[in-house]
Each structure stands twice: as C-alpha cells, then as structure tokens.
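Scope of the values below: all heavy atoms of this structure, side chains included, with no hydrogens, waters or symmetry mates.
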Amino acid sequence: MTEERIIKCIKLGKDLPGLTKPPFSGPVGQEIFEKISAQAWLMWKDDMQIKIINEYRLNMGKKEDYNMLVEQMMLFLNLKSGETFSVEDPTRGKAR
C-alpha cells in the first residue's frame, strides 16, 4: 500500500493529500504536483475549467484560447497573481 503524500496546498492554505502524479508533463505540471492538493486540482478540472471554456466559448484548437485557459488555471490555483475571469454571469452571451 502506498502512503498518501501530504502537501501544503497553496490554493486551499492547508496540508492536504497531493496528486499521485503531475497532471501533465512539463514545469507547470510539476509545479501543480508539488504545490496543489488533489482536492484543489479537482475544483479546477471538474468545475472551473469547464465553466471558463463554456462561458468564454474557448476553442482548445486555437493556441490563444488554450493559452488563456492555462493562464486562468494558474490564477485560479494561486500559482500566479492577477485577476481571474468571472463565471456564472447570467448576462454573458445574451443579446441586449
């Protein structure tokens, strides 16, 4: 049985179980693995990421949209400082 890896999560500000492996390759994936809890990663992956893609109509085939999503991920996870996109705006996307 593998022992659970506990990390100090910079998103949630407490010691929590970490991911079992980096979520993707490269330095950003490694930074997430080292600093973000499994719980905080799921908050991004299963909720906020989907909301941003849908509400801002991002096309993951377009480099600029993909880069925008990565930027928002870094901001949401507190790996970078700045302003995150607002989501769940009932007026967005509706004709005025």
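Residues D47 and Q49 form no side-chain contact, since every pair of their non-hydrogen atoms from C-beta on lies 4.5 Å or further apart. Contact annotation: the side chain of I10 never approaches that of L77 to less than 4.5 Å [non-hydrogen atoms, C-beta and beyond].
If you take CE on M73 and NZ on K45, they are separated by 13.0 Å, rounding to the nearest 0.5 Å. Atom-to-atom distance recorded for M60:CE and Y66:OH is 8.5 Å, nearest 0.5 angstrom. In this structure, CG in L12 is found 8.0 Å from CD1 in I36, a value given to the nearest 0.5 Å. Taking OG from S37 and NZ from K14, the interatomic distance works out to 8.5 Å, rounded to the nearest 0.5 Å.
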Note to self: Test side chain to side chain contact (heavy atoms under 4.5 Å, CB included) on K11 and W44; report intermediate values, then the result.
What the structure shows: CA-CA 10 Å; K11 169 67 179 173; W44 166 256; over 6 Å; no
Next item on the list: Assess whether side chain to side chain contact (heavy atoms under 4.5 Å, CB included) is satisfied between I6 and E4, documenting all intermediate values.
Entry: CA-CA 6 Å; I6 302 297; E4 198 169 53; 4.0 Å; yes
Check: K8 and L16: side chain to side chain contact (heavy atoms under 4.5 Å, CB included), yes or no, with the steps?
Finding: CA-CA 6 Å; K8 175 75 171 180; L16 291 164; over 6 Å; no
Checklist line | Residues I7, E34; criterion side chain to side chain contact (heavy atoms under 4.5 Å, CB included); working and verdict | finding: CA-CA 7 Å; I7 58 129; E34 293 170 2; over 6 Å; no
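Although no hydrogens or angles enter the test, the distance criterion places a donor-acceptor pair under 3.5 Å between the side chain of R5 and the main chain of L19.
Applying the side-chain contact (heavy atoms from CB on, under 4.5 Å) criterion to N59, with sequence neighbours excluded, gives K62, D65. By the side chain to side chain donor-acceptor pair (under 3.5 Å) test, K35 pairs with E31, sequence neighbours left out. In this view, L75 and E71, Q72, K80, T84 satisfy the side-chain contact (heavy atoms from CB on, under 4.5 Å) rule, not counting sequence neighbours.
Residue M48 is not grouped with residue L42 when hydrophobic side chains (ILVMFWY) are merged at heavy-atom distances under 4.5 angstrom, including chains of intermediate members. Residues M68 and I50 are members of separate hydrophobic clusters, defined by side-chain heavy-atom contacts under 4.5 angstrom among Ile, Leu, Val, Met, Phe, Trp and Tyr.
Cation-pi contact between K21 and F33: absent, since separation from the ring centre below 6.0 Å together with deviation from the ring axis within 45° is not met.
Here the closest heavy-atom approach between residue A40 and residue C9 is recorded as CB-SG, 3.8 Å.
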